2 protein chains.
Amino acid sequence: MLVSNHARPTLEDVAARAGVSRATASRVLNASPRVSPEALEAVNAAVSALGYQPNRAARALVTRRTGAVAVLFSEPEPKIFDDPHFARLIRAGARALADVDVQMVLMLVHSPDDQARAHRFLAGGHVDGALVFAPHRNDEVVSVVKKLPLPVVYAGKPWGSLRGMHLVDNDNEGGAVLATEHLKSLGRKKIVHVSGPLDELSAIDRLNGFKSALSLDDKGVARLTEDGGFTREGGRKAMSALLARVPALDAVFVASDLMAAGALESLHEAGRRVPEDVAVVGFDDHVAIAEHTSPPLTSVRQDSDEQVKHMVEHLMKLLRDETVKRKQQMLPTVLVRRESA
Amino acid sequence: MLVSNHARPTLEDVAARAGVSRATASRVLNASPRVSPEALEAVNAAVSALGYQPNRAARALVTRRTGAVAVLFSEPEPKIFDDPHFARLIRAGARALADVDVQMVLMLVHSPDDQARAHRFLAGGHVDGALVFAPHRNDEVVSVVKKLPLPVVYAGKPWGSLRGMHLVDNDNEGGAVLATEHLKSLGRKKIVHVSGPLDELSAIDRLNGFKSALSLDDKGVARLTEDGGFTREGGRKAMSALLARVPALDAVFVASDLMAAGALESLHEAGRRVPEDVAVVGFDDHVAIAEHTSPPLTSVRQDSDEQVKHMVEHLMKLLRDETVKRKQQMLPTVLVRRESA
DNA sequence: CTCCTCGATGAAAACCTTTGAGTCGCTAAG
DNA sequence: CTTAGCGACTCAAAGGTTTTCATCGAGGAG
């Protein structure tokens with residue numbers, strides 16, 4: 001029998017070599033139970049002998065599954081560049097999806113053009129589902145995605161009604177309580193907060209945790225809090241503003257490590273020693289930042305790798321039509337002590 | 001006529017509605033010339049009326065094209081997190097590929113496991129081609145990819161023989177000459193260089209540009225140069241080492257903006273004023289960094305967006321079997337003056 | 001010994017598109 | 001008036017897999 005030119009082997013070839021029909025070979029590949037041990041072995045042998053790989057397109061055609069999922073980021077461009085958090089999320093997504101043998105189609109969505117394209121793409125059935133990172137208030141992406149008949153898992157709470165939405169969030173509020181309680185336990189009396197932008201629910205949750213740990217009323221929170229916009233520069237400015245407004249402050253809980261880095265700069269400039277004069281706690285536990293500030297930063301760890309892994313698992317369950325016990329998962333946060341508090 | 005349930009319309013539906021055959025409808029979609037204006041219009045009308053989108057799997061099955069390309073990054077993890085350059089490349093890739101309606105499948109390749117997976121995936125015919133970012137010496141990814149019958153375009157020169165390889169590089173050497181000449185033109189006499197890791201050809205090229213602009217011999221270069229590893233911290237340390245070794249230095253060309261940021265810190269600590277005492281030129285012109293150092297950084301611009309765009313165009317030509325005039329493209333670099341030199 | 005059941009298997013349809021070969025109606029050339 | 005040529009189109013095959021349904025054989029019950 002002539003071996004064909006070095007075209008990729010098809011299921012037919014495998015079946016022929018194993019001495020069974022295409023159907024049986026297919027059943028082996030899909031781990032169907034109705035197949036005899038001998039057939040199973042023969043097919044497996046043929047598969048590895050031929051180096052067979054199923055043709056994704058053919059399979060997709062009949063199963064109506066593409067084996068790909070979209071990963072959507074809606075974030076203004078500078079943030080994506082500056083904040084290592086995004087790189088980490090993208091990497092975690094790449095790894096987690098590769099682990100389950102699913103193609104990751106990355107889409108960055110900023111402009112209305114991008115939104116239209118994303119809509120076309122998602123509606124076009126080119127992916128089986130989507131992972132959506134869109135933390136901002138009234139994010140267009142969310143409304144675009146929401147009306148599509150497509151399984152979606154969100155990272156954190158998207159703005160608006162959460163009814164029926166699948167998401168994996170970090171316990172932002174709990175983490176903030178942890179951080180604030182820790183500062184209290186150090187005997188600090190005048191604790192302030194550099195928050196993230198209040199059009200993101202994660203920032204609001206952290207603010208609320210701070211507020212509840214200190215039993216503050218709205219006015220109190222407003223006085224002791226400044227928005228740092230989740231950027232380094234914003235953190236620096238917010239810290240300066242707080243120093244001006246509350247000169248006697250002896251501790252600060254900063255809602256992200258990147259902002260905390262900025263806040264530390266501001267504190268140094270103001271001549272305050274950390275942690276002696278002012279204790280500082282960040283949020284994220286982003287090692288690349290937290291371990292390289294001076295002093296190294298005590299921070300609330302939110303494990304992004306874990307979050308993304310859960311998102312992928314959750315989405316896979318949705319795709320397999322399994323029932324998920326809880327649509328909305330919350331991941332615990334822990335305090336990682338270093339030297340700043 | 002009953003409208004079917006809300007299943008996605010197929011080409012058959014479009015053809016029926018337009019009153020033509022499937023074949024004609026297909027030709028319209030693929031912009032074949034052999035089609036009458038009336039038919040063209042009728043089909044287009046039907047397409048938009050039905051909101052038809054071609055089934056990618058079916059198309060892939062017959063054309064043997066997947067409509068997806070892989071984007072491979074082989075870089076140790078910390079780099080990917082810390083260096084905004086990667087975020088920029090990823091973003092540029094996402095945009096450029098979306099523009100030509102091609103799916104971007106992102107793969108980060110670090111471990112041997114990853115390499116095996118990448119090999120399986122690429123050999124499995126799941127993508128039509130690949131964009132490879134693998135700058136390091138003897139990078140496994142390159143050898144894996146090289147023996148595959150798959151169109152590949154590299155970012156920058158991969159290590160090893162370049163014969164027959166398609167790549168888009170920045171004019172690193174030219175940029176380095178530009179930077180060094182600029183420092184000379186400022187009347188600086190003692191110019192040193194913080195290089196990137198010398199297992200990357202881009203770093204070597206920049207070093208060579210520095211060397212040739214100053215007509216240095218090997219010994220001279222060695223004395224005036226220190227490896228900063230393309231990291232911020234490395235830049236700081238390299239600068240300190242150079243300050244110790246060449247106290248009289250009055251200018252430094254740093255091979256990346258991230259390292260330059262570190263070098264500036266080191267210079268400040270050493271009490272040198274920039275640019276009065278020491279003029280500094282970076283490389284990359286990474287705005288997020290260069291505009292926010294103090295003082296703002298003069299830098300050699302390499303336009304990554306442009307580079308990636310060229311890579312995508314190049315790959316598309318390869319996929320269309322067009323002949324490419326030059327397999328290896330070199331993109332010009334320009335000096336962007338700010339305050340540091 | 002016959003009839004059923006049941007598990008393993010094979011034949012064939014279905015998924016949706018592209019594309020080469022063939023058809024049809026027309027004009028221009030002979 | 002016939003015929004070659006041509007443009008626009010249709011027919012139908014091909015592409016590789018999953019899955020339904022039918023078949024086949026073996027073994028157990030009657």
Side-chain angles (χ1 to χ4, degrees), chain A residues 4-44 46-47 50-68 101 124-126 128 319-321, chain B residues 4-5 7-44 46-47 50-68 101 123-126 128 319-321:
Chain A
S4 72
N5 37 2
H6 38 191
R8 295 180 49 204
T10 95
L11 190 55
E12 188 79 52
D13 302 332
V14 171
R17 180 166 181 130
V20 300
S21 76
R22 225 164 46 224
T24 303
S26 172
R27 281 189 259 267
V28 170
L29 290 178
N30 296 294
S32 156
R34 333 246 94 196
V35 66
S36 69
E38 310 87 63
L40 188 142
E41 192 185 358
V43 171
N44 280 334
V47 164
L50 265 39
Y52 169 76
Q53 290 237 29
N55 181 313
R56 213 154 181 142
R59 176 177 279 178
L61 187 57
V62 48
T63 59
R64 286 119 177 293
R65 279 288 168 72
T66 64
D101 207 41
H126 301 312
D128 300 332
L319 293 183
R320 287 192 301 260
D321 275 325
Chain B
S4 71
N5 38 2
R8 295 181 49 205
T10 113
L11 189 56
E12 187 80 52
D13 302 333
V14 171
R17 180 166 180 130
V20 300
S21 76
R22 227 167 40 226
T24 303
S26 172
R27 284 188 244 276
V28 169
L29 290 178
N30 296 294
S32 158
R34 325 251 102 200
V35 71
S36 68
E38 310 86 63
L40 189 143
E41 192 184 357
V43 171
N44 280 334
V47 163
L50 264 40
Y52 169 76
Q53 290 238 27
N55 180 313
R56 213 154 183 143
R59 177 177 278 179
L61 187 57
V62 48
T63 59
R64 283 117 180 293
R65 279 287 167 74
T66 65
D101 208 42
H126 301 312
D128 300 332
L319 293 183
R320 287 191 301 261
D321 274 324

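Labels below follow one simple rule: chain letters A, B, ... track the order of the sequence lines, proteins then strands, and each chain is numbered from 1. Treat the numbers as computed from the prediction; the structure is a model and nothing was measured.
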Report, one line per pair, each donor and acceptor closer than 3.5 Å where one atom sits in a side chain of residues 31-41 of chain B; sequence neighbours left out.
| unit_1 | atom_1 | unit_2 | atom_2 | d |
| --- | --- | --- | --- | --- |
| S32(B) | OG | R34(B) | N | 3.3 |
| S36(B) | OG | A39(B) | N | 3.3 |

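- The terminal axes of the helix from dC1(C)-dG30(D) to dG30(C)-dC1(D), fitted over 5 pairs per end, subtend an angle of 70° to the nearest 10°.
- Residue pairs meeting the side chain to side chain donor-acceptor pair (under 3.5 Å) criterion with at least one partner in residues 51-64 of chain B, sequence neighbours excluded, do not occur; the list is empty.
- Minimum heavy-atom separation, A58(A) to L61(B): CB-CD1, 3.6 Å.
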Query raised in the report: Using a cut-off of 4.0 Å between protein heavy atoms and nucleotide atoms, how would you tag nucleotides 14-22 of chain C 5' to 3' with B, S and -?
Result: -BBBBBB--

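- Heavy atoms of A39(B) sit under 4.0 angstrom from primed sugar atoms or phosphate atoms, though from no base atom.
- Atom CG of D128(A) is separated from atom CG of L319(A) by 5.5 Å, given to the nearest 0.5 angstrom.
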Could you list the donor-acceptor pairs under 3.5 angstrom formed by side chains in residues 15-30 of chain A, with sequence neighbours left out?
| unit_1 | atom_1 | unit_2 | atom_2 | d |
| --- | --- | --- | --- | --- |
| S21(A) | OG | A23(A) | N | 3.3 |
| S21(A) | OG | T24(A) | N | 3.3 |
| S21(A) | OG | T24(A) | OG1 | 3.4 |
| R22(A) | NH1 | E12(A) | OE1 | 2.8 |
| S26(A) | OG | N30(A) | ND2 | 3.3 |
| N30(A) | ND2 | S26(A) | O | 2.8 |

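- Mapping heavy-atom proximity under 4.0 Å, the span of DNA chain D touched by chain B runs 5' to 3' from dG7(D) to dG16(D).
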